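Numbering starts at 1 and runs along the sequence shown. This one's a predicted model, so the numbers in the text were calculated from it and none came from an experiment. All ligand and atom numbering here is 1-based and tracks the order in the structure.
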Amino acid sequence: MRNYSLETDATELVGPWLEPVLAEVLEFRRDLHAHPELSFQEFRTTEKIFEHLVSAGLAPRRLDGTGVIVDIGEGPIATALRGDIDALPIVEETGLPFASRNHGVTHGCGHDFHTAAMLGIALVLARMHEHSPLGGRVRIVFQPAEETMPGGALSCIDQGALDGVPRIMALHCDPRIEVGKIGTRIGPITSASDTIKIELTGRGGHTSRPHLTEDLVFALAQIAISVPAVLSRRVDVRSGVSVVWGQIHAGSAPNAIPVHGVMSGTMRCLDREAWHAAGELLDEVVQQSAAPFGVDVHLEHTRGVPPVVNSEHETALIEASARAELGDDSVVLAPQSMGGEDFAWFLQGIPGSLMRLGTHVPGGEEYDLHRGDYIVDERALSVGIRVLCAAALRTLREPTAA
Ligand code: NI
């Protein structure tokens, strides 16, 4: 086994190996895009992944429900790679010839791209292994239900996705980074994201006599203001705790105090410790903000995901791979996103790194994730495949601790 090195080894570039399978992967991606499926319902997607892997001579394993795991090579696992496969309940507005045929569902977060990139890596590694043994194993996890909370990553882990896995890497499309480049960051790259739902109940009554009942709308408004304000004072402000409401519903008439009201929103946080602290404070703040008004309060705090915290070594592996495959200017510093990403669960016990895959066309449309009009520049596909495949190959050359 050779010594581990971050130096470029031009003889092992992935590009030439990708060439013969790129058309298949692109077609696969367009087919997935046309047939998006929601979290834990990715049955067709799972079948398609499975078929392509089998016809490449691999032996994939179906996960319970949806999702696939496949190992390429033999011997100890050097790394796992993960691609998320689900779509969003959003109407597609791209006008693409291969736009969603499943109305109201679209791959607005680029997970069709992530899935295709992972398939591409599997096909490339399979060909390489056929040519000469990889000298270890790479595991690819096609994970369902990233868009739910707490996310499908946990069910993959329960089903052994990480057994024998010393590290894991992943990518996510980024419409703010130029296509042809990747974004990396050591430390937290996404944020914790929980959902909060608060229900208030009172007796209701006439708006002329709030003192004889519980003024439920006023109490809702008070909680809406107090919770974000108090948390921003009680938790270290550098942890970026941010509570933002997405829904408030109560009442049906201008002169009737309603008996029931509900509000919901998200609580995001940049670091893992503050995420725990804010969660514990939330209940206290909600109860105390509501208390003066006499309403009954029911708080539903659904823990989402912790932040994805990228390890230094795996991030360096990805950066070195990108520079070797794509050139020295192909790596940019990615900012920490306030978005949540359930890849974080995979990193609870092992190191790993999530990289950003640039999809922005200079001078082109400005897009954002989770929008019906998000168009991913397909040139990004080979970028993602080459970088993560090269990173996986580098891990195969590392002396394993296992
Ligand atoms: Ni996503």
Margin query: Main chain of Leu333, side chain of Arg185: is a donor-acceptor contact present, judged purely on distance under 3.5 Å?
Written below: no
Notebook entry, point to check: His111: which N/O/S atom is nearest the Ni ion (ligand 1)?
Noted result: NE2
Check: With a cut-off of 2.8 Å, does any N, O or S atom of Cys173 fall short of it relative to the Ni ion (ligand 1)?
Finding: no
Check: Below 2.8 Å, any N, O or S contact between Cys109 and the Ni ion (ligand 1)?
Finding: yes
Notebook entry, point to check: How are the rings of His33 and His107 set to each other: parallel, tilted or perpendicular (split at 30° and 60°)?
Noted result: tilted
Notebook entry, point to check: Do Arg62 and Phe50 meet the cation-pi criteria used here (NZ or CZ under 6.0 Å from the six-membered ring centre, within 45° of the axis)?
Noted result: yes
Check: Below 4.5 Å, heavy atoms only, C-beta onward: do Glu341 and Leu354 meet side chain to side chain?
Finding: yes
